[in-house]
Amino acid sequence: LARTMLENASPLVFQRAKERDVTPEEEDDLVSDPIDDREVFDLVRCINDPEHPLTLEQLNVVEELRVQVNDAESKVDVAFTPTIPHCSMATLIGLSIRVKLLRALPARFKVDVHITPGTHASEHAVNKQLADKERVAAALENSHLLQVVNQCLSPSC
Amino acid sequence: MNLVKICFYFILQFVLPLLLEKLDSEMQSSKRDALETLTVCCATYGANELQDSLSDVVTSLRREVLEPVSEAVEMAALDTIKALALTLARSVMPPGGRDLLYMFLEDMVAECMPTLTTGEAKCLLSASLLLQAMGKACCRACVHVLTASVPILVKRFNDSKQAVERCTLIDALRNLSLCCQGFTEDQEGEESPLHHHIDTLLELAGAAVSDTHSQLRQAGIALLIALASLPGVLSGEQLRLAVCHLSQLIQDPVSQCSVSAVDGCAALASLHSTLLIRHCLPPLTAQLHKDAECQLAMKSLARLCLHPDIVRHVVPELLDHLCTATTVADVVVTCGHLHDIVSQSKQCPESLSYLYSTLLLRLLSHAVHTATAYGGDRVSDDSDGDASIIWHDSTVIGAVSRLLAAISSFAEAKYVEVLLPGLLSLFLDGDGKLLANGMLECPFQPLQPNSPWQQTQLTALLAACIGCLQRKVAVPEWERLLSYLVKLTLTSEHTPTVTSGATCIAALVNKEPPGPRLDVLLKDILKNLDENLSVDRQHGCRLHALKLLLWVTKAVVLRYHLTAPEFVNKLLLLLGDTELGVDAADGFHLLVTESSFLLGPAANADIRLLYRQRLYTEHAACLLIGANADGDRRSNSLQALAHLLAALPRQALVAELPTLSPHLLSWMAEPHVAVQAAAVALLLVALEHSPKPLEPQVASFLTCLLPLTRSPSMSVRIAALKCLAAITCFPPYLLLPHWMIVQHALAAALDDKKRLVRREAIEARGRWFLLGSPGR
């Protein structure tokens, strides 16, 4: 992580989506609102990029159409797209998304975080690391790594 | 600085080069400043002084408009062009000299010509703005600009096949047409600068409005409206045709342009009301009788009512429709449209006087006739299937009374004073002289408690007519009216009648100037209330007395009357009552919320700004004593206190924190949702503003807050989760011992059925995860 040069010094910045409007149904105490794609997208879009003072949404690393949620079957699938094919931060970004969802979603959900197919050189290796629960748990034992992840997850927007 | 620069003639030769240099700057603000100075210079100096630098100035100005970088600079440049053209037009031409204005116009038009003939849409609009700025300067410039540009734009429109390009061309033509706005009225006898182009423009607008492309139709409508709104430009026949065209578009819902056509016609209402009445209203009024098109027609008719003559034509039609409506929903919708007409007419005294004298009277007549026709014994007779039976519905009476209240609140005092005596003799003595069709079929005694409810519920209409008047209007027979109303409110068994009676009394009490008459009345009301609230009375009777007490209390509290504490204390005593305690506590909600109808700001009520704070300051101590008592009194006092606290502004709450904080824990443990909500809201304010004093009790707060995250009320759950998030401002060593238990509760809240609750749970959980963790 200790680098002297940024890999992608001037990334393309994308426009942020508008905040979700509160509907009358959401304010009605009796109606239940299922967890949907947009709700999970809202969780991950505010994660800060490890390198830039920008969010993953602004860098187009996460997009709403790449978030699939099935509330009934308790499944969440998030695909993220690194800004460049050799991005060494891909694992860290994936870990941040994973930890954010671990903290923000009910325990019943099975979460799958992976790289959008064909967008990274070592896609399979990264996906394998992210899918391994023990490796994720071990990574969070590392206080330095935890510090970086917490910085990515600190509320900034 | 601008003034200094232009004060002396001799410095102009130094100023102009400086300004030109500033115009070439990269800084947008200095460009704008230079342009504004130049505009002032143009107004001060004559053409002769400016002559030498004219060509350089023109080049710079042209660049700023035709290649715009910022909107503000472009606007400033357009202003300068207009000022420059005006200065040149005013110049006196020396013998044998050149016409400076002509040269300036020729130069500019020649520059714009390639853009007008073949340029892209954006450049075309910039060029049209430049030409418009020159045209606005004087009549001669306007004629020159129009002669040069209109034929080219029209030809391009006719040759073009692209709808979007044609829209831009129409917009450019509309801008150009509007530049002759100032030269049509004041020069009588002279032709308008648009005179030679009007036929072509009308033809073009006609082609656009009948096109299949909806955006093009909208642009065509805008051009048509612009031409029709220029006085003296269109001939009578041309205007008629234009209005007929618009009228057809309004009636055709398939065209998707009816809304813009209606808005366009509304813009013409004050200029061409006669034409609209003749050609636009008849087809729309005919549609009122067709079920499918009725709603749209009513909406369009209401929108057009911007001129007294149109109001006079439309209101009777809508009234006929209202009186023959067969469903409650239809009456409510029609009343809504009439309400829109009243709101639109509030600036027009002529329309208001008509609405007051006609609409109000017709509505009253119809309501009174339907109430008396089926009043008394005849109510259950063969009334089924009759349209007027729906006028007995409380929703209809509510909608009509809101409409009457709107008319009365805007009406001028001189009209009201003419009508009031008749209105009061109708309600007090059953005298029907005021009404449209004179005699009544049955005696009409709406203020007598033994009258049928169909009649007594019309007290709502009386309340609307006299409760919303301006405060300076004196109500005749005030004492008799109020004694009738008090008697009706306390003895009637029909609940809507009681509510209307109580609100009417409250509105009159609120507006009555201080004096012995008011004091006697309030004393009388207090005496009557004492009798009717005594425990030996029936529950229904006591409940109605409580309603009167609440409304009169509100009236006196709003205006800071001296007797207000007496009334509030009576209400406070009732908090310990087993029968009425809960209703009395809920009544505090009525006291502190703003009424939308009677006793609201729109109803000209006397409302002091800080009445909520004053009510709280005077009575909080008593409520706090009640809140520490036992039984019903405790819960009701807390409920009342919760209502007061919810209405207090945040700054006032912060000031009250030291008094209230010690009670927070016991309130959060109360079973009442309103009390819990108020307590948690208060805790949140305390955590945000002064968390330090709460730190020692952190364990107790967490114990109380965690069960509230599972409360049945969404607002309590949200507030509790917000508190759990805010509490993370405490030092971590205080919170970490509770980390496990809090995280467990928050994990459960993540699966809440409401999205808004989940959002707060995620926020709180995220903050708790960061507690004491690296990278916070």
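Order of the sequence lines fixes the chain letters, A, B, ..., with proteins taken first and strands second; residue numbering starts at 1 for each chain.
- Of all non-hydrogen atoms in B:Leu750 and A:Leu105, the two that sit nearest each other are CD1-O, 3.6 Å.
- Per-residue counts of heavy-atom pairs under 4.5 Å with chain B were compared for A:Ala107, A:Ala104, A:Pro34, A:Cys152; the largest is that of A:Ala104.
- Between the B:Arg765 side chain and the A:Arg103 main chain, a donor and an acceptor come within less than 3.5 Å of each other.
- Remark: B:Ile741 CD1 is loosely packed, at most 12 non-hydrogen atoms of other residues, nucleotides or ligands lying under 6.0 Å away.
- The part of A:Glu39 that comes within reach of chain B is its side chain, from C-beta onward, which places non-hydrogen atoms under 4.5 angstrom from that chain.
- Crowding of A:Lys128 atom NZ: a count of heavy atoms from other residues, nucleotides or ligands under 6.0 Å not exceeding 12.
- The environment of NE2 in B:His589 is sparse: at most 12 heavy-atom neighbours from other residues, nucleotides or ligands sit within 6.0 Å.
- Annotation for A:Asp29 and B:Ser713: closest pair OD2-CA, 3.6 Å, computed over non-hydrogen atoms.
- Interface summary for chain B: among A:Val149, A:Val31, A:Val22, the most heavy-atom pairs under 4.5 angstrom belong to A:Val31.
- For the options B:Leu746, B:Asp752, B:Val757, B:Leu756, heavy-atom pairs under 4.5 Å to chain A are most numerous at B:Leu756.
- Nearest heavy atom pair, residue B:Lys754 against residue A:Asp28, reads NZ-O, 2.6 Å.
- Using a 4.5 Å cut-off between heavy atoms, A:Glu25 contacts chain B through its backbone alone, with no side-chain atom that close.
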May I have the step-by-step check of side-chain contact (heavy atoms from CB on, under 4.5 Å) for B:Arg758 and A:Leu43, ending in yes or no? CA-CA 11 Å; B:Arg758 293 198 292 265; A:Leu43 295 176; over 6 Å; no

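- Here the rule is salt bridge (Lys or Arg N to Asp or Glu O under 4.0 Å) with B:Arg755, and of A:Asp33, A:Asp71, A:Asp36 only A:Asp36 fits it.
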